[in-house]
Amino acid sequence: MKQTRNTQAKTEIVKLIENSEVALSHAEILATLNGVCDRVTIYRVLDRLLEEGIIHKIATIEGTIKYAICHNCSVEKHNHNHLHFTCERCQTTTCMVEIEPSFTLPKNYKMKSVNFTISGICPECS
């Protein structure tokens with residue numbers, strides 16, 4: 001098994017994502033870190049965190065990729081069958097882990113990953 005490295009950049013990015021109530025884009029992470037590391041390092045760290053099962057990515061309806069902390073995931077098994085809500089006004093994306101939508105695929109289809117994203121207005125913007 002590959003050894004994981006804990007760099008300052010990785011530590012700061014994990015802390016930032018863990019402490020955020022909303023999913024964060026690469027640009028938001030870069031702006032918040034304020035020079036801790038460059039944009040390429042952030043991409044590398046995010047890729048590593050995805051592989052390690054620490055974070056998951058969310059594709060918003062607008063096509064932006066955002067990152068949020070995993071809940072009960074590991075390298076071997078990811079479980080992100082929950083809703084993601086993106087506010088059309090403030091552009092925040094929130095994981096709603098308590099809501100697991102259900103669906104049935106036709107026979108001979110094998111699910112690899114799921115991304116449930118709902119767009120609307122959040123309580124803060126209502």
Side-chain angles (χ1 to χ4, degrees):
M1 181 172 220
K2 189 175 176 181
Q3 179 77 21
T4 62
R5 294 184 319 147
N6 287 323
T7 62
Q8 180 187 5
K10 181 179 176 183
T11 302
E12 292 298 319
I13 291 169
V14 169
K15 186 167 49 171
L16 177 64
I17 294 172
E18 276 181 332
N19 292 327
S20 179
E21 292 185 14
V22 296
L24 300 170
S25 68
H26 178 275
E28 291 166 328
I29 294 168
L30 180 63
T32 304
L33 288 179
N34 200 21
V36 170
C37 56
D38 63 21
R39 63 181 188 78
V40 174
T41 300
I42 294 171
Y43 279 121
R44 287 185 188 134
V45 170
L46 290 172
D47 284 343
R48 190 173 337 132
L49 294 173
L50 287 165
E51 288 175 16
E52 293 173 5
I54 296 170
I55 63 171
H56 66 283
K57 65 180 174 179
I58 303 149
T60 67
I61 291 172
E62 295 81 23
T64 303
I65 301 296
K66 296 200 173 189
Y67 302 88
I69 204 72
C70 283
H71 302 277
N72 303 317
C73 292
S74 66
V75 174
E76 298 82 26
K77 185 173 185 241
H78 283 271
N79 180 19
H80 304 294
N81 296 343
H82 59 264
L83 290 179
H84 300 102
F85 186 91
T86 299
C87 180
E88 294 173 353
R89 289 194 184 144
C90 66
Q91 301 302 310
T92 59
T93 300
T94 307
C95 289
M96 299 181 147
V97 294
E98 66 280 357
I99 302 173
E100 287 190 30
S102 63
F103 61 94
T104 304
L105 288 173
K107 290 182 180 183
N108 299 326
Y109 284 82
K110 294 179 183 177
M111 181 178 68
K112 182 177 178 186
S113 66
V114 177
N115 183 16
F116 293 104
T117 304
I118 295 175
S119 177
I121 306 298
C122 73
E124 299 295 320
C125 293
S126 295

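Any value given below was found using the heavy atoms of this structure, including those in side chains, with hydrogens, waters and symmetry copies removed.
- Using cut-offs of 30° and 60° on the angle between ring planes, the pair H26 and Y43 is parallel.
- Between the CZ atom of F116 and the OG atom of S102 there is a distance of 8.0 Å, given to the nearest 0.5 Å.
- Scanning both residues, I58 and C95, for their nearest heavy atoms gives CD1-SG, 4.0 Å.
- Side-chain contact between I118 and F85 is present, with at least one heavy-atom pair separated by less than 4.5 Å.
- In the hydrophobic cluster analysis, where Ile, Leu, Val, Met, Phe, Trp and Tyr join through side-chain heavy atoms closer than 4.5 angstrom, V97 is grouped apart from L49.
- With hydrophobic clusters built from ILVMFWY side chains whose heavy atoms lie under 4.5 angstrom apart, I99 does not share a cluster with I121.
- The CD1 atom of I55 sits 8.5 Å away from the CD1 atom of I13 when rounded to the nearest 0.5 Å.
- Atom CD of E21 sits about 9.0 Å away from atom CD of E124, to the nearest 0.5 Å.
- E12 and K15 are joined by a salt bridge, as a carboxylate oxygen and a charged side-chain nitrogen come within less than 4.0 angstrom of each other.
- Scanning both residues, T7 and R48, for their nearest heavy atoms gives OG1-NH1, 4.5 Å.
- Between L50 and K57, the shortest heavy-atom distance links the atoms CD2-N, 3.7 Å.
- A pairwise comparison of heavy atoms in A9 and T41 identifies CB-CG2, 3.9 Å as the closest pair.
- Interatomic distance, L83 CG to T94 OG1, rounded to the nearest 0.5 Å: 11.5 Å.
- With sequence neighbours excluded, the residues forming a side-chain hydrogen bond (donor to acceptor under 3.5 Å, both in side chains) with S25 are E28, listed by chain and number.
- Listed here is the closest heavy atom pair of S20 and V22: OG-O, 2.6 Å.
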Test side-chain contact (heavy atoms from CB on, under 4.5 Å) on K10 and Q8; report intermediate values, then the result.
CA-CA 5 Å; K10 181 179 176 183; Q8 180 187 5; over 6 Å; no
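- Nearest heavy atoms, C122 versus C87: N-SG, 3.4 Å.
- A single hydrophobic cluster is not seen to contain both I61 and M96; linkage of ILVMFWY side chains at heavy-atom distances under 4.5 Å, directly or through other members, places them apart.
- E62 places a side-chain heavy atom less than 4.5 Å from the side chain of Q91.
- One hydrophobic cluster holds both F103 and Y109 under the rule that ILVMFWY side chains link at heavy-atom gaps under 4.5 Å.
- At a cut-off of 3.5 Å, with distance as the only test, no side-chain donor of T86 or S119 sits close to an acceptor on the other residue.
- At least one side-chain heavy atom of I17 sits under 4.5 Å from a side-chain heavy atom of L46.
- In this structure, CG on D47 lies 12.0 Å from CD1 on I42, to the nearest 0.5 angstrom.
- Note: I69 CD1 to L16 CG = 10.0 Å, rounded to the nearest 0.5 Å.
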